[in-house]
Amino acid sequence: MRSLSVTFVSSRLRNMMLGAVLALGTMLATGSGGTAQAGVAMRALGSPALSLRQDVPPLAENVRWVCGPWRCVWRPNWRYWYVPPYARAWGPPVRPTCYWSRPWGGGWVHVCP
């Protein structure tokens with residue numbers, strides 16, 4: 001069995017070593033330990049050269065399942081953030097006319113007319 005003083009010293013050394021490793025990792029992660037910065041040579045995303053082109057369509061469009069009590073439909077340009085929890089796992093519809101319906105006393109059914 002080890003004595004109490006040996007256990008105390010080894011735990012203190014272990015804590016000091018862990019603190020030194022964490023401090024070194026933090027210093028390297030924040031960039032204060034290195035001499036070069038990674039983003040110096042990159043062009044800014046909001047530069048005037050990129051904003052001159054007006055004919056480029058947006059890369060993303062807001063689309064969501066919009067749900068009422070009995071039906072959910074796929075709506076483009078939907079800006080509201082709320083999507084019901086049960087509709088968050090549904091992907092886009094198979095065809096543009098497809099929707100989700102909830103019949104009396106049942107769960108949600110995918111309908112494609």
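Numbers for residues simply follow the sequence, beginning at 1.
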Closest non-hydrogen atom pair between Asn77 and Val63, with its separation:
N-CG1, 4.4 Å

Could you work out, with side-chain contact (heavy atoms from CB on, under 4.5 Å) as the rule, every residue matching Pro85, not counting sequence neighbours?
Tyr82, Arg88

Side-chain heavy atoms nearer than 4.5 Å, only ILVMFWY residues, links allowed to pass through others: does that put Trp100 and Trp74 together?
yes

Would you check if Pro84 and Trp65 make a side-chain contact, meaning some heavy-atom pair closer than 4.5 Å?
no

Distance check, rounded to the nearest 0.5 Å: His110 atom NE2 versus Cys72 atom SG?
10.5 Å

Give me the other members of the hydrophobic cluster that Trp70 sits in, counting Ile, Leu, Val, Met, Phe, Trp and Tyr linked by side-chain heavy atoms under 4.5 Å, directly or via other members.
Trp104

All side-chain contact (heavy atoms from CB on, under 4.5 Å) counterparts of Pro96, not counting sequence neighbours
none

Taking only residues two or more places apart in sequence, or in another chain, which ones meet Trp108 in a ring pair (Phe, Tyr, Trp, His ring centres under 6.0 Å)?
Tyr86, Trp90

So the disulfide bond (SG atoms under 2.5 Å apart) pairs with at least one residue in residues 75-113 (sequence neighbours excluded) are Cys98-Cys112

Partner residues of Pro113 under the side-chain contact (heavy atoms from CB on, under 4.5 Å) criterion, sequence neighbours left out
Thr97, Tyr99, Val111

